[in-house]
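Following: one structure in structure tokens, then a few remarks.
Per chain, numbering begins at 1; letters A, B, ... match sequence-line order.
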There are 2 protein chains.
Amino acid sequence: MSTKPARPTIRDVAIRAGVSMTTVSDVVNSKGRVDPATRERVLTAVSDVGWRPRRSARALRSGRTGVFAMCLPLGHVGVGDWLTNAEYDMALVAACAAATVDSDRQLLVAPRPTDVRDLARLDVDGVIIADPREGDQALTVLNNAGVPAVTIDRDIQRTDGWWVETDNTGSTLQVLDHLTAQGAKRIALVTADAPWAWFEDTSAAYARWCAEHDVKPQVRLIDVERPRATAAAGVRSLLRLKNPPDAIFAIPYGTPLGALDAITESGLSVPGDLLLAGGMDGQMLQVSSPPITAVDLRPIEMARAAVDLLARRVSGEKAVGPVVIQTELRVRESTSRR
Amino acid sequence: MSTKPARPTIRDVAIRAGVSMTTVSDVVNSKGRVDPATRERVLTAVSDVGWRPRRSARALRSGRTGVFAMCLPLGHVGVGDWLTNAEYDMALVAACAAATVDSDRQLLVAPRPTDVRDLARLDVDGVIIADPREGDQALTVLNNAGVPAVTIDRDIQRTDGWWVETDNTGSTLQVLDHLTAQGAKRIALVTADAPWAWFEDTSAAYARWCAEHDVKPQVRLIDVERPRATAAAGVRSLLRLKNPPDAIFAIPYGTPLGALDAITESGLSVPGDLLLAGGMDGQMLQVSSPPITAVDLRPIEMARAAVDLLARRVSGEKAVGPVVIQTELRVRESTSRR
DNA sequence: TTGAAAGCGTTACCAT
DNA sequence: ATGGTAACGCTTTCAA
């Protein structure tokens, strides 16, 4: 009279197939020790009763949750201006999700754990921290708790080797060489003075390149809260120089548009009078007039590499140093002279 | 000699505090039956031994995983053109994550389950499907398996009431009234002929409004694979009419830019000769020249409402019909006549 | 106010 | 090739 609408367990499957729970377990875990015929019967029983594994039971038994967490940079909830772009972050999330699923895991999206209380809510095998800030507190918390973590982009205070990063130096040199090849003699840099590896590496590479090419470095720093407006201001001041630049490399997202604003209002044109390149590609640079050459930071490759690296760290491997992803320069009209 | 580096359990806490496991459990779950002094001792022991709950053990015992999954529309991995925008999706994800954490749950990001095999990997209390397609297969799969689900946006084949949606009709009327108030007499609609509630509701509201205001409807349909280019083509054909429109409402993301392309190349100006409004706000519309008036679809509110609704469905409440979120019109230069 | 013990679904180990 | 059973960490029930 009283039915049993409870979710089926391997016990139900075992009874249905006339085998033991062990055998069912072996079948669904592809342990090779079962007779093909038995295997067939079990599989049929599985779909007959509609059994799905209970991840929590597996996790309890095996000590592995099969879950990675991803902690995104900031809120994204009510951002006004843009230093980074949502396409990049969305690509990170989507690619991480895809990669974790490929390795039969699941991806949790969570706020950064700032103390032990947060950690309590985060019972996972490992954590991916995107865009860590200098000496990121989340990392400290995780390390103290013994939770394996990797970061996407380098925390400039860290040296443990557990991160993936883009080849910022290489991409900077590539841009500078490209601009030079298109005829630029005096390339200025628009960037931010903030403790992220992206900015530090870029600035360092620029300085070195200038020294090696006997070019006078011209740098303008923006306010990360208002990239477009402050970039425009910086470029305006550059254009007022006796010897103004003939090319601009603007790193933070949003700054190439600010540079374009300043150039246009000076009555100059891109790429006619100045060349312009951006440090981070995105829709806005593709649809501007003219479309702006920019560095593709390859979020998808970064994400896949991060999942892969975390899987290795979780399984106890030793660190072999950071994974470096090569960027790709998307050349567009803003740097194309004919 | 042999240490025990294993992760502490409530047993360790209990021993340390000199109480039973039951008492520890009661303390950490805020069941009110423990003596304050005992409680204090237990809490101290918890932080002394560095105990964190094992979600899987709790889940196994209680039958609730405490996890919601979110399934995003598509790949986001290598999209070329844009019918929707990453900012919107990113806001959905971030807000869902925040809301699930607020209710002491966790948010999984996963691909849509297309069959039972996918479901096996998705052992969660409930699922949020963003942007369902007509008769979304994922919903069928979930329903068959008895997994509670809600959608963000309405699946036009569904009537169960378990979804949140924007007030598409209201927002359309608001835009049309706004354009009229700014002097428009002949408003054309650029939209897509695709089975999403967003398009269907908008078209219906437009048709009804035209009928009621004795205006001849002018609609151009775009190809969802190439919104910008096909919108431009559509608007070009509108401008060639004997009696061309003096305002355009372009719904899918990307189409307002296409409209602007066509208008500009005809030597006309916005908002001088034509008014232009977009159906979905985003960065590209904010930075275009001129900035384009658009509907803020309020992804953050949608996400929070979805989490809330799913929590209710999971806890066995009856459906009370969809949750409707009011949109907000972001008025900008493209529709501002002085 | 507190404790002992059963049991959640699964897998690992040891038998057969 | 297959089965029995203990154990994973926790909450719940029942008893004290």
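In terms of phosphate contacts, B:Ser56 brings no side-chain nitrogen or oxygen within less than 4.0 Å of OP1 or OP2 of D:dC8. For A:Ser20, a side-chain nitrogen or oxygen approaches OP1 or OP2 of D:dG3 to under 4.0 Å.
The side chain to side chain contact (heavy atoms under 4.5 Å, CB included) test applied to B:Arg158 returns B:Leu139, B:Thr151, B:Asp155, B:Asp160, B:Trp162, B:Trp163, not counting sequence neighbours. Remark: B:Arg298 pairs with B:Asp296, B:Glu301, B:Ile325, B:Glu328 by the side chain to side chain contact (heavy atoms under 4.5 Å, CB included) rule, at least two apart or across chains. Scored by the side-chain hydrogen bond (donor to acceptor under 3.5 Å, both in side chains) test, B:Arg52 finds no partners at all (sequence neighbours excluded). For A:Ala57, the side chain to side chain contact (heavy atoms under 4.5 Å, CB included) test picks out A:Arg54, B:Leu60, with sequence neighbours left out. Here A:Ala69 pairs with A:Leu108, A:Leu122, A:Val124, A:Val127 under the side chain to side chain contact (heavy atoms under 4.5 Å, CB included) rule; sequence neighbours left out. A:Thr22 pairs by the side-chain hydrogen bond (donor to acceptor under 3.5 Å, both in side chains) definition with nothing, not counting sequence neighbours. In terms of the side-chain hydrogen bond (donor to acceptor under 3.5 Å, both in side chains) criterion, A:Ser56 has no residue partners (sequence neighbours excluded). With sequence neighbours excluded, the residues satisfying side-chain hydrogen bond (donor to acceptor under 3.5 Å, both in side chains) with A:Asp308 are A:Arg312.
With salt bridges taken as basic N to acidic carboxylate O contacts below 4.0 Å, none links B:Asp118 and B:Arg112.
When side chains are defined from C-beta on, A:Val93 counts as touching A:Met70, because their heavy atoms get closer than 4.5 Å.
A straight line from CD1 of A:Ile15 to P of D:dG3 spans 13 Å, rounded to a whole angstrom. Regarding B:Arg55, its CZ atom lies at a distance of 18 Å from the C1' atom of D:dC8, rounded to whole Å. The distance from atom CG of B:Leu60 to atom C1' of D:dG9 is 9 Å, rounded to the nearest whole Å.
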- [ ] Quick one, give me the B/S/- string for nucleotides 11-16 of chain D, reading 5' to 3', where B means a protein heavy atom under 4.0 Å from the base and S means that only happens at the primed atoms, P, OP1 or OP2.
- [x] BBBB--
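Within the structure, side chain to side chain donor-acceptor pair (under 3.5 Å) contacts touching residues 38-48 of chain A (residues at least two apart or in different chains) are A:Arg16-A:Asp48.
Protein chain B contacts DNA chain C over a range whose 5' and 3' limits, counting nucleotides with an atom under 4.0 angstrom from a non-hydrogen atom, are C:dT1 to C:dG9.
Comparing the local axis fitted to the first five base pairs of the helix from C:dT1-D:dA16 to C:dT16-D:dA1 with the one fitted to its last five gives a bend of 30°, rounded to 10°.
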